[in-house]
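Shown next, in structure tokens, is the structure this report addresses.
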Amino acid sequence: MISAQAWADARRLWDHHLMHHAPRPCSVAIGLGSHDLGVADAAVELYRRGMAPLIVFTGATSRTTRDRMPRGEAVHYRERALELGVPDSAVLVEPRARNTGENLRFSRELLEGAGVDVSSVLLISKPYEERRAHATARKLWPGVEFVSASDPMAFEEYVDSIGDDRLVIDMLVGALQRLMIYPAQGFMVEDPVPGEVAAAYERLCRAGFTSRLV
């Protein structure tokens with residue numbers, strides 16, 4: 001049974017992870033690979049709205065995706081986009097990346113090799129990865145403006161879509177820990193965590209939501 005306090009703390013982390021950026025037209029959209037096909041769906045919707053003329057899907061496989069996405073996250077994302085009507089010419093695939101840093105580095109190499117001039121990127125991730133992806137991108141790709149985006153789901157909707165309440169909270173906690181420790185390791189720029197968010201994180205850790213900690 002998850003307590004009312006834990007749910008309140010989880011919602012606080014969820015809201016902090018969202019960058020709350022308003023989508024605007026960018027040079028390219030980059031969809032970061034994961035277990036969540038909602039990233040591909042969000043990229044398609046933004047493409048349809050004219051927010052980017054080109055989509056890059058990036059990602060290999062991981063422990064959590066190799067069974068459901070055996071051809072690789074980026075490849076499955078591309079297949080989803082084509083099913084939803086995006087033309088093949090508007091989708092590039094980067095199939096090697098195994099973490100967020102590689103997502104950004106390899107996508108940058110791919111776009112440079114294709115001769116695409118990039119001044120702004122619509123950076124599409126899972127909702128609770130928006131802030132970490134944004135901080136990573138700012139570290140690895142200076143001089144480019146990043147606009148964060150994700151499937152526009154409410155917290156409760158996202159929990160229902162995953163079907164595992166505890167796992168979602170574990171993922172929120174793990175993402176918050178990375179925001180706190182990765183800047184010192186050189187993986188991302190500093191993005192200070194407000195005191196009330198850090199307190200919620202500590203309570204969730206004490207309550208045992210720790211399976212996604214590094």
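- Rounding to the nearest 0.5 Å gives a distance of 10.5 Å between CD of Glu156 and CG of Asp165.
- A single hydrophobic cluster is seen to contain both Tyr201 and Leu179, as judged by linkage of ILVMFWY side chains at heavy-atom distances under 4.5 Å, directly or through other members.
- For Val173 against Phe209, the heavy-atom pair with the smallest separation is CG1-O, 3.3 Å.
- Salt-bridge annotation for Arg105 and Glu109: absent, with no side-chain N of the basic residue lying under 4.0 Å from a carboxylate O of the acidic one.
- Side-chain atoms of Tyr77 come within 3.5 Å of backbone N or O of Ser34 as a donor-acceptor pair.
- Contact record, Pro25 with Ser120: O-OG, 4.3 Å, taken as the closest heavy-atom pair.
- Ionic pairing of Asp9 and Arg203 is present here: one or more N-O contacts between side-chain nitrogen and carboxylate oxygen are shorter than 4.0 angstrom.
- From Gln177, atom CD reaches atom CZ of Arg132 across 10.5 Å, with rounding to the nearest 0.5 Å.
- Remark: the Ser125 side chain and the Ser150 side chain contain no N/O donor-acceptor pair separated by less than 3.5 Å.
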Return a table of donor-acceptor pairs under 3.5 angstrom between the side chains of residues 187-199 and protein atoms on other chains or two or more places apart.
| residue | atom | partner | partner atom | Å |
| --- | --- | --- | --- | --- |
| Asp191 | OD1 | Arg131 | NH1 | 3.3 |
| Asp191 | OD2 | Arg131 | NH1 | 3.3 |

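- Taken from CD in Glu45 to CD1 in Ile124, the straight-line distance is 10.5 Å, to the nearest 0.5 Å.
- Counting only residues at least two apart or on different chains, the side-chain hydrogen bond (donor to acceptor under 3.5 Å, both in side chains) pairs with a member in residues 79-88 are Asp41-Arg80, Arg71-Glu79, Arg78-Asp88.
- In this structure, Asp164 places its CG atom where more than 12 heavy-atom neighbours from other residues, nucleotides or ligands lie under 6.0 Å away.
- Checking Glu94 against Ser107 by side-chain atom types alone, no donor-acceptor pair falls below 3.5 Å.
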Decide side-chain contact (heavy atoms from CB on, under 4.5 Å) for Leu213 and Cys205; before the verdict, give the C-alpha distance in whole Å, the side-chain angles of both, and the deciding distance to 0.1 Å. CA-CA 9 Å; Leu213 296 180; Cys205 286; 4.3 Å; yes
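- Listed here is the closest heavy atom pair of Gly208 and Arg166: O-NH1, 3.8 Å.
- Ser3 places a side-chain N or O within 3.5 Å of a backbone atom of Ala6 that can act as its donor or acceptor partner.
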Determine, step by step, whether Val28 and Ile55 satisfy the side-chain contact (heavy atoms from CB on, under 4.5 Å) criterion, reporting the C-alpha distance in whole Å, the side-chain angles of both residues, the deciding distance to 0.1 Å, and the verdict. CA-CA 6 Å; Val28 64; Ile55 303 170; over 6 Å; no
